[in-house]
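Below is one structure; the comments refer to it alone.
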Protein chains: 2
Amino acid sequence: MPSSNQQMKFALKSTGHSITVPRKQLFKTLQAHEAQTIHELVARCPTVDRATIYRTIELFEELGIVQRLQIGWKYQLELTDSYVHHHHHLVCTRCGAIIALAEDAELEARLITLAATADFTASDHQLEIRGLCSNCH
Amino acid sequence: MPSSNQQMKFALKSTGHSITVPRKQLFKTLQAHEAQTIHELVARCPTVDRATIYRTIELFEELGIVQRLQIGWKYQLELTDSYVHHHHHLVCTRCGAIIALAEDAELEARLITLAATADFTASDHQLEIRGLCSNCH
DNA sequence: GCAAAAATTGCGACTAATTTGCAAAAATTG
DNA sequence: CAATTTTTGCAAATTAGTCGCAATTTTTGC
């Protein structure tokens, strides 16, 4: 099984892109956190220029490596299902915690079926559940 | 049953806010479209100042009247479940169409159960399914 | 309805976020 | 390794979002 690192390199190579230091750096940072804002990413990669970060995120999105989530006021970035285990998010509306929720076969199956009723071929999805976490009950 | 218009007015009044022309205007525009970016909203409400739009959206979010979705590159605004029937979104990755998908009891029930297993009290959720619409198959 | 009080808006200035052009640097090719 | 192609960093330019404040609109209590 290819490591997600090799997978990322293949995604770049196979589409004619180079494997560069900033790209590896950003990928590593993305792996290190469940979800993060662009601002956090910029802060965590001090050696990479802001413009490069924007450009790389855009490329990673096109290649299906990262996706954006709207959680609260600003969007957050995280690796897609191809790079981390598919999961959903529990967002505590009181303390702001973001908790990963493992995928559930029953739920996923229902999704596909539903989409199909609208003659829609689902390839991917994203679910956010808001509420109160155990600490904030 | 109160019209969603009356509901919006009550939400403002009961929290000590005024009912103003710009607020009614924005609400009406939000009702007229499934989801729209701030930019579209600004363009569709030429008589309302940009700053007022941002302030109103912020207020509407606090009052639970609108919510943001991250679809594609920029966030989109839409009325919350209290104002339009609860639903989810099918987003076509080819043509960009956003299709509303009616809620499904089985799905909703599963969500609550899942959240509960993480000792999380769900109050609200948002689901986006990406894929290809019937026209783009 | 009307005048006073309170809340909101529009405007202009301002700060933050994102994009772009381009020469220099790094990666890829053979 | 030299030539070619792709990226990067930097600075400048846009675009998005915020803020202070005087003018205007809403609301309140007759």
Side-chain angles (χ1 to χ4, degrees), chain A residues 5-30 35-63 65-78, chain B residues 5-30 33 35-63 65-78 96:
Chain A
N5 233 299
Q6 290 175 310
Q7 193 184 339
M8 174 271 284
K9 288 179 180 168
F10 177 75
L12 286 171
K13 277 302 192 182
S14 62
T15 52
H17 294 96
S18 308
I19 294 168
T20 68
V21 173
R23 286 173 185 169
K24 285 184 286 188
Q25 173 96 65
L26 282 177
F27 185 74
K28 194 200 288 184
T29 305
L30 287 164
Q36 56 202 310
T37 61
I38 272 264
H39 181 267
E40 290 169 330
L41 210 47
V42 170
R44 286 169 180 152
C45 301
T47 60
V48 183
D49 190 74
R50 234 177 29 260
T52 300
I53 292 186
Y54 279 103
R55 282 185 289 230
T56 305
I57 291 302
E58 187 180 3
L59 174 64
F60 279 6
E61 279 197 289
E62 285 166 12
L63 298 182
I65 296 175
V66 303
Q67 61 182 340
R68 303 184 169 213
L69 313 175
Q70 183 73 38
I71 290 183
W73 203 242
K74 12 196 89 165
Y75 67 82
Q76 309 233 355
L77 301 162
E78 70 165 12
Chain B
N5 235 295
Q6 292 174 310
Q7 194 184 339
M8 174 270 283
K9 289 178 180 169
F10 177 75
L12 286 171
K13 279 300 193 185
S14 62
T15 51
H17 294 96
S18 308
I19 293 168
T20 68
V21 173
R23 284 173 189 170
K24 284 185 286 187
Q25 173 95 66
L26 282 178
F27 186 72
K28 194 199 288 184
T29 306
L30 286 164
H33 302 268
Q36 56 203 309
T37 60
I38 272 261
H39 180 266
E40 290 168 330
L41 210 47
V42 169
R44 286 170 180 152
C45 301
T47 61
V48 184
D49 190 75
R50 222 176 44 259
T52 299
I53 293 188
Y54 279 104
R55 282 185 289 229
T56 304
I57 291 300
E58 187 180 2
L59 175 63
F60 279 6
E61 279 198 288
E62 285 166 12
L63 299 182
I65 296 175
V66 304
Q67 63 184 341
R68 306 184 167 211
L69 313 173
Q70 183 72 42
I71 290 182
W73 200 242
K74 6 198 94 164
Y75 66 83
Q76 309 234 356
L77 300 163
E78 71 166 10

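Proteins come first, then strands; the chains are lettered A, B, ... in the order of their sequence lines, and each starts at number 1. For clarity, every value in this text was computed on a predicted model and none was experimentally measured. Atoms considered below: every heavy atom in the structure, side chains included; atoms not considered: hydrogens, waters and symmetry mates.
The phosphate of C:dA16 has neither OP1 nor OP2 within less than 4.0 Å of any side-chain N or O from B:Tyr54. Look at A:Lys13 and you won't find any side-chain N or O under 4.0 angstrom from OP1 or OP2 of C:dA27.
Side-chain atoms of B:Arg55 come within donor-acceptor range of the base of C:dG10, with a qualifying N/O pair under 3.5 Å.
Counting non-hydrogen atoms under 4.0 angstrom, A:Arg23 reaches the backbone sugars and phosphates but no base. A:His39 comes within 4.0 angstrom of no nucleic acid atom, judged by non-hydrogen atoms across all strands.
Each of B:Ala51 and B:Val21 was matched to the nucleotide of DNA chain D holding its nearest heavy atom; the match closer to the 5' end belongs to B:Ala51. Toward the 5′ end of DNA chain C lies the nearest nucleotide of B:Thr47, the other residue of the pair B:Thr47 and A:Thr20 mapping further downstream. Residues B:Arg50 and B:Pro22 both approach DNA chain D. Their nearest nucleotides, taken by heavy-atom distance, put B:Arg50 toward the 5′ side.
Of all nucleotides present, only D:dC21 satisfies the Watson-Crick or G-U wobble test against C:dG10, with each distance under 3.5 Å. Judged by Watson-Crick or G-U wobble contacts below 3.5 Å, the nucleotide C:dT28 has D:dA3 as its partner. Under the Watson-Crick and G-U wobble criteria, each requiring two contacts below 3.5 Å, nucleotide D:dC30 is paired to C:dG1.
A:Arg68 places its CZ atom 10 Å from the C1' atom of C:dT18, with the value rounded to the nearest Å. When the C1' atom of D:dT6 is taken as reference, atom CD of A:Glu62 falls 15 Å away, rounded to whole Å. When the C1' atom of D:dA12 is taken as reference, atom CG of A:Asp49 falls 13 Å away, rounded to whole Å. Per the geometry, CG belonging to B:Leu59 stands 8 Å off P belonging to C:dT8, to the nearest Å. Per the geometry, CG belonging to B:Leu41 stands 14 Å off C1' belonging to D:dG17, to the nearest Å. Regarding B:His17, its NE2 atom lies at a distance of 13 Å from the P atom of D:dT28, rounded to whole Å. Between A:Ile19 atom CD1 and D:dT5 atom C1' the separation is 15 Å, expressed in whole Å. Rounded to whole Å, the distance from CZ on B:Phe60 to P on C:dT8 is 11 Å.
Closest heavy-atom contact between B:Leu30 and B:Val66: CD1-CG1, 3.3 Å.
Under the 3.5 Å distance criterion, with hydrogens and angles disregarded, no donor-acceptor pair is assigned to the side chains of B:Gln76 and B:Arg68. A:Glu61 and A:Gln67 share no side-chain donor-acceptor pair at under 3.5 Å. With hydrogens and angles left out, the side-chain atoms of A:His39 and A:Thr37 include no donor and acceptor closer than 3.5 Å.
Distance from the side chain of B:Ile38 is smallest to D:dG17 among D:dT7, D:dT27, D:dG17. Of the listed nucleotides (C:dA27, C:dT8, D:dG9), C:dT8 has the atom at the smallest distance from the side chain of B:Ser18.
Looking at A:Ser14, its side chain does come within 3.5 Å of a backbone N or O of A:Phe10 through a donor-acceptor pair.
Put simply, the side chain of A:Ile53 reaches to within 4.5 Å of the side chain of A:Cys45, judged on heavy atoms.
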